[in-house]
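No hydrogens, no waters, no symmetry mates; every other heavy atom, side chains included, goes into these values. In what follows, chains are A, B, ... by sequence order, proteins preceding strands, each numbered from 1.
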There are 2 protein chains.
Amino acid sequence: MIDVEGRVVVTIREVAAAAGVSIATVSRALADPDKVAPGSRQRVLAAIDDLGYIPNRAASGLRGGRTNTIGLLVPDLTNLYFSGVGRGVAAEASEHGISVFIAESREDPGAEVKLLRGLVRQTDGIVLCSPRAPHEDQAVVGAGPLVVVNGALTGAESIAVDDLSGITAALEHLFALNHRRIGYVGGPSSSWSDARRREGLVAASARFPDLQVVSLGAYPATVEGGHSAAGAVIAAEVSAVLAFNDIVAIGLVRSVQRMGLRVPNDLSVVGFDDTYLADLVTPGLTSVHSDLETLGRRATQLLLRVLPNGRDDAPQAMTGQLLPTHLVVRDSTAPLGVRLPPRYGSPG
Amino acid sequence: MIDVEGRVVVTIREVAAAAGVSIATVSRALADPDKVAPGSRQRVLAAIDDLGYIPNRAASGLRGGRTNTIGLLVPDLTNLYFSGVGRGVAAEASEHGISVFIAESREDPGAEVKLLRGLVRQTDGIVLCSPRAPHEDQAVVGAGPLVVVNGALTGAESIAVDDLSGITAALEHLFALNHRRIGYVGGPSSSWSDARRREGLVAASARFPDLQVVSLGAYPATVEGGHSAAGAVIAAEVSAVLAFNDIVAIGLVRSVQRMGLRVPNDLSVVGFDDTYLADLVTPGLTSVHSDLETLGRRATQLLLRVLPNGRDDAPQAMTGQLLPTHLVVRDSTAPLGVRLPPRYGSPG
DNA sequence: ATGAAAGCGCTAACAA
DNA sequence: TTGTTAGCGCTTTCAT
């Protein structure tokens with residue numbers, strides 16, 4: 001066969017002809033080798049190898065209403081959190097012969113809705129990572145298998161990192177270092193993880209009566225977000241800060257350093273996610289570790305479990321899975337010691 | 001229509017029935033609105049909106065031998081270079097109604113070959129980013145449109161960043177700062193960009209007779225690679241170093257700092273790519289800037305140009321496109337022999 | 001301007 | 001164990 005551009009395209013028909021069998025036998029030899037005679041199988045495989053035949057997956061799925069493709073929708077490809085998850089999704093899918101469509105909303109809820117809508121009919125299921133939009137549209141959410149990472153949508157499976165225990169560990173660490181007034185530099189207000197962490201903050205406050213936790217607002221999950229937060233952090237007169245993620249934490253550290261504070265001497269800082277950035281900066285950033293690749297893999301497993309053949313292996317309620325976290329202590333946190341009168345008000 | 005899982009699937013047939021036209025008219029109303037009467041068009045669009053119909057792209061392409069999908073193959077999703085390119089590819093493709101399959105080789109040439117092979121039949125074309133394998137397999141390379149980013153393959157278009165001018169600018173900068181013995185910490189030996197940069201090194205050596213350029217070997221494009229290079233850098237007794245990319249540069253800086261050197265006072269360091277990492281570390285890293293998103297967009301444009309309808313708009317030889325670079329000077333480079341005030345205290 | 005009908009590459013009954 | 005034959009959802013001639 002010759003395609004539009006003049007290239008040779010080997011289809012199942014060519015293979016069948018070369019092997020001297022019908023196309024059904026070729027199909028079977030690939031999908032269910034035990035169902036064809038060893039001899040035929042041999043000749044089919046030889047022909048495939050010979051002609052360099054590669055099945056067209058889109059066509060394969062057509063009949064069964066499958067696409068053998070899943071979609072992955074993330075807010076920001078250049079955010080290491082999402083590339084970590086993406087790596088897991090890609091790896092797991094690849095091992096199951098599934099292709100992955102990638103889509104990036106750029107943190108734009110409107111784009112997110114459009115992209116999700118575009119993905120739904122082209123895939124067997126979707127991994128929706130850290131949604132920034134409500135997604136009430138049942139024509140989309142109810143339309144196909146959907147796994148939400150770091151979020152919750154009625155009618156969709158979900159999986160997340162255990163933010164609550166993560167922030168608790170971070171607070172306990174700071175508490176043990178004698179910090180009693182701690183700030184939280186929040187992320188995007190639409191972030192589900194951010195909401196979970198604020199819950200953790202409240203819970204911890206209840207457990208440690210003499211601990212003051214100060215919410216310092218919502219900031220973009222970027223270096224600039226960290227910069228913007230510096231003023232509020234200093235004004236709040238806290239001795240330690242939890243930041244929404246590593247990148248915000250690092251932006252914050254740079255800014256307060258420029259303002260004359262030393263980290264960790266004057267301010268302890270804890271990040272989230274423990275991406276490789278935490279180990280890249282000076283001082284190294286204490287951070288709450290999450291296994292992002294596993295998160296991506298689990299999300300994909302959750303999705304694949306619903307796909308293949310009928311609903312034999314009951315789609316058991318796995319909703320609400322949580323992945324453990326642990327705190328990695330580096331150099332950005334230190335005990336609250338004897339300190340000179342705060343230089344807080346005087347930048348420079 | 002009801003699919004395997006019991007979900008409602010709206011096909012072109014439902015729309016046709018609802019609008020009281022044939023499926024051909026629905027198809028036309030979408031693909032070529034001028035070819036249907038305004039009245040029909042109205043009713044079709046209303047029905048589509050009403051039923052929430054979304055066309056199945058895989059099926060659409062089937063007839064014409066297209067998939068409306070391109071593939072993107074990168075060595076490492078968590079490398080900001082590739083996520084930058086990926087963002088450009090995703091954006092450009094999305095604007096053309098094209099989906100993107102993502103694949104990650106994890107720097108493994110074997111996996112790269114397999115993934116490329118898997119991609120070729122499922123897509124209309126492929127963006128192959130920074131290949132680490134030779135790819136002589138004509139059944140793959142010749143089989144479909146292929147654009148190589150930072151590489152060259154016979155039978156494929158290619159596009160790259162102008163590494164040569166980039167490294168030249170970096171060298172001139174260091175030369176102007178009176179550095180006369182400069183080291184180059186190379187990247188993966190299979191990297192095409194690395195080869196281009198070494199060419200630039202040789203060319204510059206010819207231009208500046210009193211300049212010594214020392215090649216310090218090949219290292220993985222990771223933080224660890226930078227760490228490993230530290231010993232060689234110090235042993236080479238150079239006053240300045242060019243690193244394969246930002247991440248290697250940063251790893252190197254951390255290591256030499258631990259060994260007691262100050263950057264830039266004792267050693268000037270220049271990175272490549274100017275990812276946001278360069279602005280994240282202390283001291284800020286001088287780096288050769290590339291516009292990664294544009295690189296991804298251009299690559300995709302190159303690919304799309306070959307796809308749509310016959311070869312009307314001649315696939316003119318656009319091979320060998322080069323994107324400009326420019327040097328962004330930060331704090332990791334300083335004049336040789338000038339005593340700088342320790343602006344950035346490394347607690348060492 | 002529109003409909004009928006023939007596929008696209010492949011899978012999945014159904015026969016043989 | 002095999003081949004034959006319907007389609008999957010859609011595009012695209014070819015008639016009308």
Side-chain angles (χ1 to χ4, degrees), chain A residues 1-5 7-17 19-44 48 51 53-69 97 120-124 308-310, chain B residues 1-5 7-17 19-44 48 51 53-69 97 120-124 308-310:
Chain A
M1 241 217 78
I2 304 292
D3 85 346
V4 200
E5 309 291 333
R7 273 175 294 269
V8 183
V9 176
V10 181
T11 76
I12 199 173
R13 244 170 285 275
E14 266 88 5
V15 176
V21 297
S22 74
I23 62 170
T25 300
V26 177
S27 179
R28 275 188 287 252
L30 256 32
D32 215 339
D34 311 311
K35 279 195 163 17
V36 306
S40 313
R41 196 190 317 153
Q42 281 308 320
R43 285 177 298 139
V44 168
I48 286 175
L51 301 172
Y53 168 69
I54 304 176
N56 176 334
R57 274 203 214 137
S60 313
L62 200 53
R63 173 66 198 266
R66 284 169 292 98
T67 60
N68 301 315
T69 298
V120 67
R121 276 301 300 280
Q122 326 302 333
T123 59
D124 293 341
N309 351 331
Chain B
M1 241 219 78
I2 305 292
D3 85 346
V4 200
E5 308 291 334
R7 273 174 294 268
V8 183
V9 176
V10 181
T11 75
I12 199 173
R13 242 171 288 274
E14 267 86 6
V15 176
V21 298
S22 73
I23 63 169
T25 300
V26 176
S27 178
R28 275 189 286 253
L30 255 31
D32 215 338
D34 311 310
K35 278 195 160 22
V36 306
S40 314
R41 195 189 319 155
Q42 281 309 319
R43 285 177 299 138
V44 167
I48 287 175
L51 301 172
Y53 169 69
I54 304 176
N56 177 333
R57 275 202 215 136
S60 313
L62 199 53
R63 173 65 196 265
R66 283 168 293 97
T67 59
N68 300 316
T69 298
V120 68
R121 276 299 301 279
Q122 326 302 333
T123 59
D124 294 340
N309 350 333

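Side-chain contact check for B/Val44 versus B/Arg28: every heavy-atom pair is 4.5 Å or farther apart. Using a 4.5 Å heavy-atom threshold, the side chains of B/Ile12 and B/Pro55 count as separate. Under the 4.5 Å side-chain criterion, counting only non-hydrogen atoms from C-beta, B/Val9 is in contact with A/Arg121. Counting only heavy atoms from C-beta outward, the side chains of B/Gln122 and B/Thr69 never approach each other to under 4.5 Å.
Toward the 5' end of DNA chain C, the nearer of the two residues A/Ala59 and B/Thr25, judged by each one's closest nucleotide, is B/Thr25. Residues B/Pro38 and B/Arg121 both approach DNA chain C. Their nearest nucleotides, taken by heavy-atom distance, put B/Pro38 toward the 5′ side.
Residue A/Val21 is in sugar-phosphate contact alone, with no base atom involved, counting any heavy-atom pair closer than 4.0 Å across all strands shown. Contacts of A/Ala37 with the nucleic acid, taken as non-hydrogen atoms under 4.0 Å apart, involve only primed sugar atoms and P, OP1 or OP2. Counting non-hydrogen atoms under 4.0 angstrom, A/Arg57 reaches nothing in the nucleic acid.
Evaluated for a side chain to side chain contact (heavy atoms under 4.5 Å, CB included) with B/Val26, the options B/Val15, B/Val36, B/Thr11 yield exactly one hit, B/Val15.
Between B/Lys35 atom NZ and D/dT11 atom P the separation is 15 Å, expressed in whole Å. A straight line from CG of A/Asn68 to C1' of C/dC10 spans 11 Å, rounded to a whole angstrom. Rounding to whole angstrom units, CD1 of residue A/Ile54 and P of C/dG9 are separated by 15 Å. Straight-line distance from the CG atom of B/Asn56 to the P atom of C/dC8: 18 Å, rounded to whole Å.
Remark: B/Ser40 is in phosphate contact with C/dT2, judged by side-chain N or O atoms under 4.0 Å from OP1 or OP2. The side chain of A/Ser60 contributes an N or O atom lying less than 4.0 Å from OP1 or OP2 of C/dT11. OP1 or OP2 of C/dA12 lies within a sub-4.0 Å distance of a side-chain N or O belonging to A/Arg66. Within the 4.0 Å cut-off from OP1 or OP2 of D/dT11, at least one side-chain nitrogen or oxygen of B/Ser27 is found.
Side-chain proximity of A/Ile12 to the nucleotides C/dG3, C/dC10, D/dG9 is greatest for C/dC10. Of the candidates D/dC10, C/dA1, C/dG3, D/dC10 carries the atom nearest the B/Tyr53 side chain, counting heavy atoms from C-beta on. Comparing D/dC10, D/dT13, C/dG9 by their nearest atom to the side chain of B/Arg28 picks out D/dT13.
B/Arg63 contributes no side-chain N or O that forms a donor-acceptor pair with the base of C/dG9 under 3.5 Å.
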